[in-house]
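Remarks on the structure that follows.
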Amino acid sequence: MVDGSSSISNTGAMNSRRHFVRSKETLGEKDMILTLEGPFPKVFPGQFAMLSSVEHWPVQLPRPLSYFDVEPGNAGWARFLIKVIGPGTRALASAEIGAEVCVTGPLGRGFDLWKDSEPVCIAGGVGLAPFLLLARERKAAGMPPLKILFGGANQAALVGQQAFPQGAVDWELSTDDGSEGFEGNVLELYRSLLSQGQVSANSPVLCCGPDPMMAAVARFCADQGTPCSVSLETMMACGYGVCNGCSVPVRGEGRFAGKTYARTCVDGPVFDAGELLWP
Ligand SMILES: Cc1cc2nc3c(=O)[nH]c(=O)nc-3n(C[C@H](O)[C@H](O)[C@H](O)COP(=O)(O)OP(=O)(O)OC[C@H]3O[C@@H](n4cnc5c(N)ncnc54)[C@H](O)[C@@H]3O)c2cc1C
Ligand code: FES
């Protein structure tokens with residue numbers, strides 16, 4: 001663990017537990033919310049867990065998922081927003097109510113650019129997942145609603161908004177086909193809001209979504225001098241720093257001085273965009 005800040009990471013307290021499936025909610029064609037019975041440990045916004053179903057797990061390794069929500073107070077349940085794309089996510093989606101899911105977490109380093117500032121969050125698809133806990137923590141601290149720019153291919157792709165606490169978010173939506181909100185991609189939406197003065201280039205950007213989107217946002221922010229953090233969804237094997245399967249190239253400065261690679265699972269998943277070497 002490079003950054004041991006206790007405010008954004010508690011990987012040292014990592015543990016594995018079995019949790020019963022409490023409920024499942026289907027959202028559109030490919031997305032769902034899986035709710036597991038607690039108790040869960042303290043989770044910081046941006047952290048993730050490695051999940052596998054106990055009864056039927058068709059692949060060798062567990063799969064990383066962001067904690068989408070955790071019950072405030074006693075953490076009696078946790079939710080995961082899942083895009084079902086392959087055998088692992090399919091197995092989690094098909095676990096019956098009352099079935100057991102193995103959860104190792106919380107893992108990784110979450111967001112640290114939000115406490116003293118008014119961040120602009122840019123999310124694509126299930127890249128929305130790490131922002132709910134952030135919105136919840138800010139609301140609980142009496143801070144203004146979190147600005148989230150949420151983009152997808154079409155209206156059906158914009159899933160998960162309804163799970164956010166009432167009044168915790170100031171939403172701006174975009175769809176590629178114009179079926180909801182701004183017509184265009186979410187970076188174009190951000191540029192449009194900047195040009196209208198509705199967001200400031202001084203506000204840090206927190207970004208999570210498909211790699212090409214994060215790369216484009218990171219480049220744009222670098223060009224205009226806006227601080228930018230990205231939450232990477234690199235494929236992972238172990239999730240806690242052992243296999244090096246999640247290595248990403250870094251610039252070799254700051255906390256990565258002299259290094260050419262960082263491990264997303266322990267050094268991230270949240271990185272300062274300037275720490276990474278983008279394709
Ligand atoms: C820190 C972190 C947080 C994540 N949070 C979420 C979340 O909240 N919700 C969610 O739905 N997903 C999330 N993901 C992505 C999720 O882990 C993958 O979608 C999942 O592992 C796919 O497993 P599978 O067995 O269903 O599909 P696989 O068979 O493993 O993959 C299906 C296809 O997708 C490709 N693929 C798999 N994973 C990725 C990836 N990460 N990036 C690009 N392509 C990939 C594979 O190459 C393959 O072509 C997160 C990933 C990380 C690292
Ligand atoms: S997933 Fe194994 S080191 Fe990161």
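Atoms within each ligand, like the ligands themselves, are counted from 1 in listed order. FYI, side chains are in, hydrogens and waters are out, and symmetry mates aren't considered; it's all heavy atoms of this structure.
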Which residue supplies the protein heavy atom nearest to [atom], what is that atom called, and how far is it?
| atom | result |
| --- | --- |
| atom 17 (O) of ligand 1 | Pro64 O, 2.6 Å |
| atom 40 (C) of ligand 1 | Glu233 O, 3.3 Å |
| atom 3 (C) of ligand 1 | Ser66 OG, 3.5 Å |
| atom 27 (O) of ligand 1 | Gly86 CA, 3.4 Å |
| atom 26 (O) of ligand 1 | Thr89 OG1, 2.4 Å |
| atom 37 (C) of ligand 1 | Met235 SD, 3.7 Å |

Atoms of ligand 1, numbered as shown, that sit under 4.0 Å from any heavy atom of [X]:
| X | result |
| --- | --- |
| Lys83 | 10 (C), 11 (O) |
| Ile82 | 11 (O) |
| Arg63 | 21 (O), 23 (O), 24 (P), 25 (O), 30 (O) |
| Phe48 | 1 (C) |
| Leu81 | 7 (C), 8 (O), 9 (N), 10 (C), 11 (O) |

Below the 3.5 angstrom mark, is there an N/O of [X], backbone or side chain, next to an N/O of ligand 1?
| X | answer |
| --- | --- |
| Ala129 | no |
| Thr234 | no |
| Val59 | no |

Heavy-atom proximity to atom 19 (O) of ligand 1 ranks first, among Ile85, Leu232, Leu65, for Ile85

Heavy-atom contacts under 4.0 Å between Asp31 and ligand 1: side chain, backbone, both, or neither?
->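 None of Asp31 does.
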
Answer yes if the side chains of Ser192 and Glu188 hold a donor-acceptor pair under 3.5 Å, and no otherwise.
->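 Absent: no donor and acceptor within the cut-off.
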
List in chain and number order the residues that pass ring pair (Phe, Tyr, Trp, His ring centres under 6.0 Å) with Phe40, two or more places apart in sequence or in another chain; answer none if no residue qualifies.
-> His19

Write down the atom of Leu206, the atom of Phe131, and the distance for their closest heavy-atom approach.
->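 Minimum heavy-atom contact is O-CZ, 3.5 Å.
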
Do you know the tightest heavy-atom contact between Glu233 and Cys208?
-> OE2-SG, 3.9 Å

Donor-acceptor contact present, side-chain [X] to main-chain [Y], <3.5 Å:
| X | Y | result |
| --- | --- | --- |
| Thr234 | Cys246 | no |
| Arg109 | Val270 | yes |
| Asp211 | Met214 | no |

Cluster question for you: counting only ILVMFWY and a side-chain heavy-atom cut-off of under 4.5 Å, with indirect links fine, are Phe80 and Val59 together?
->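 Yes, same cluster.
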
Ion pair Glu118/Arg138, N-O distance below 4.0 Å =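 Salt bridge: yes.
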
With atom 4 (Fe) of ligand 2 as the centre, enumerate protein N/O/S atoms below 2.8 Å in chain and residue order.
-> Cys246 SG, Cys265 SG

